[in-house]
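So the structure is just underneath, and the comments pick up after that.
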Number of protein chains: 2
Amino acid sequence: MNASPDAPEGPRARHNRAGVVEAALGILDQQGLPDLTMRRLAQVLEVRPSALYWHFTSKQALLAAVSARILEPLQRASTDLPSLAAAASVLGSQLRECLLAHRDAAELVSSSLALGLVDPPLHGLLGMVAERVDAPDRLAHTTAEAVTHFVIGHAFHEQQRRHAEALGVLDSSGRPAATTASTPADDGEADFTQVLDLIAAGVAAQLRHGARTL
Amino acid sequence: MNASPDAPEGPRARHNRAGVVEAALGILDQQGLPDLTMRRLAQVLEVRPSALYWHFTSKQALLAAVSARILEPLQRASTDLPSLAAAASVLGSQLRECLLAHRDAAELVSSSLALGLVDPPLHGLLGMVAERVDAPDRLAHTTAEAVTHFVIGHAFHEQQRRHAEALGVLDSSGRPAATTASTPADDGEADFTQVLDLIAAGVAAQLRHGARTL
DNA sequence: ACCTGAACACCGTTCAAGT
DNA sequence: ACCTGAACACCGTTCAAGT
């Protein structure tokens, strides 16, 4: 399995930031955020925990890098979209896909974003769309805020609910326990699109109104 | 200071859930969420950490109770509002006030909500408004989702930024360091109202559209 | 009903030193 | 450039036992 088969137990593993981030992402996907500890990560990399602090100044810095890695696909998203309202829907859905692609990603990204350790994923893209379709970039910013916070909050809730279900929270009768207070048979997907449509409708309305007042 | 002055060192402190929650809220306000540990809380209550597990089954259960305590004022909010769109703005602002009233409250409530350990604060209220003004309660639900997630996400970001500023994150020149990627002189208040207005506009638009299609 | 005592199995982080 | 060794100062939780 080693690159050099005649060094069966080399001096030690050698790593770089990208490799550490990838290993962390692996733990996240397979064990979840609570088990993504510096000590477990070190163990996977066959290294002492203190070694990680050569690559990252703190756990939060490491988590920020993992967040950026998770949001990476969005950087390649197309901004060739017909309107700001359409962009809100499309890019919002793509952000959601990035988050649902990795376990506990919404919670992780939420805190990195709040701490200001990752760039907001939608603001730049929506700004570009606004410029192309000649919409005010104040509105692009407002839209980005609305969509980003909603998508992350919604995905956070959804991923926690999935996890709870997967844990098999069963009452004594063997039926799954009630999931607190939510719509019966809560359809995350339909729920999600409805809200994005609501926001898109708001964007369209503001554009009509703004055309006169600005 | 004691209720019975002739029991200078009584057997031990005696507590109930409400008292424990209040003490926890005190730590939150004065030291912040990272310092709200079971051990510190026990210390404040002059009790061993294990005693807390008589009142709450876990730390998360305790934190959920604190979250509910923080959201309590909203329960007394008026639903006598002219429209669903107006309710979105007014109740959204009131939710924000509840969160900004306590240090790190947005982060705390965000996770309790995601875990399904607290009732969503706006869904019931907006449902009542919808019923009164005869709006579809599917739209009330959608609106609640949009507003709740946005307000919490936005407040989370804002509280973290304040905390970073308060820490005096200064570069060598003594000027405050850049706060990552945000609007220069980011006005949280104006930002916030703009997004609520956007959502309210979306609600109004959906109502007009729904009047024909539903 | 409410708490103590003692233990278990963990954390993130620092820093001198090694190669 | 990248890692070890050893330590520091913590965590949440369980459970038998006390009053």
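In what follows, every chain begins at residue 1, and chains take the letters A, B, ... in the order their sequences are listed.
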Between N or O atoms, less than 3.5 Å apart, protein on one side and nucleotides 9-13 of chain C on the other: list the pairs.
| from | atom 1 | to | atom 2 | distance (Å) |
| --- | --- | --- | --- | --- |
| C/dC11 | OP1 | A/Thr37 | OG1 | 3.4 |
| C/dG12 | OP1 | A/Met38 | N | 3.3 |
| C/dG12 | OP1 | A/Lys59 | NZ | 3.0 |
| C/dG12 | OP2 | A/Met38 | N | 3.1 |
| C/dG12 | N7 | A/Arg39 | NH1 | 2.5 |
| C/dG12 | O6 | A/Arg39 | NH1 | 3.1 |
| C/dT13 | OP2 | A/Tyr53 | OH | 2.6 |
| C/dT13 | OP2 | A/Lys59 | N | 2.8 |
| C/dT13 | O5' | A/Tyr53 | OH | 3.3 |

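For A/Glu131, there are no side chain to side chain contact (heavy atoms under 4.5 Å, CB included) partners, not counting sequence neighbours. The ring pair (Phe, Tyr, Trp, His ring centres under 6.0 Å) test applied to A/Phe192 returns A/Phe150, A/His154, not counting sequence neighbours. Residues passing the salt bridge (Lys or Arg N to Asp or Glu O under 4.0 Å) test with A/Glu72, sequence neighbours excluded: A/Arg76. Applying the salt bridge (Lys or Arg N to Asp or Glu O under 4.0 Å) criterion to B/Arg138, with sequence neighbours excluded, gives A/Asp191. The side chain to side chain contact (heavy atoms under 4.5 Å, CB included) search around B/Gln160 returns A/Ala114, A/Leu115, B/Asp104, B/Glu107, B/Phe156, not counting sequence neighbours. Scored by the side chain to side chain contact (heavy atoms under 4.5 Å, CB included) test, A/Ala42 finds A/Val47, A/Pro49, A/Leu52 as partners (sequence neighbours excluded).
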*Reading DNA chain D 5' to 3', what string of ( ), [ ], | and . shows its pairs, if Watson-Crick and G-U wobble pairs count only when both distances fall under 3.5 Å?*
||.|||||...|||||.||
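For residues 26-39 of chain A, no residue pair satisfies the salt bridge (charged side-chain N to carboxylate O under 4.0 Å, His left out) rule, not counting sequence neighbours. Within the structure, salt bridge (charged side-chain N to carboxylate O under 4.0 Å, His left out) pairs that include any residue of residues 89-98 of chain A comprise A/Arg96-A/Glu158, A/Arg96-A/Glu189 (at least two apart or interchain).
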Kindly list each side-chain donor-acceptor pair under 3.5 angstrom involving residues 21-28 of chain A, sequence neighbours excluded, with atom names and distances?
| from | atom 1 | to | atom 2 | distance (Å) |
| --- | --- | --- | --- | --- |
| A/Glu22 | OE1 | A/Arg69 | NH1 | 3.3 |
| A/Glu22 | OE2 | A/Arg69 | NH1 | 2.3 |

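Heavy-atom distances under 4.0 Å link DNA chain C to no residue of residues 20-34 of chain B.
Here the side chain of A/Gln159 pairs a donor or acceptor atom with the backbone of A/His102 at under 3.5 angstrom.
Annotation: C/dA9 and D/dC10 have their P atoms spaced 22 Å apart (nearest Å).
Residue B/His55 has a polar side-chain atom (N or O) positioned under 4.0 Å from OP1 or OP2 of C/dC3.
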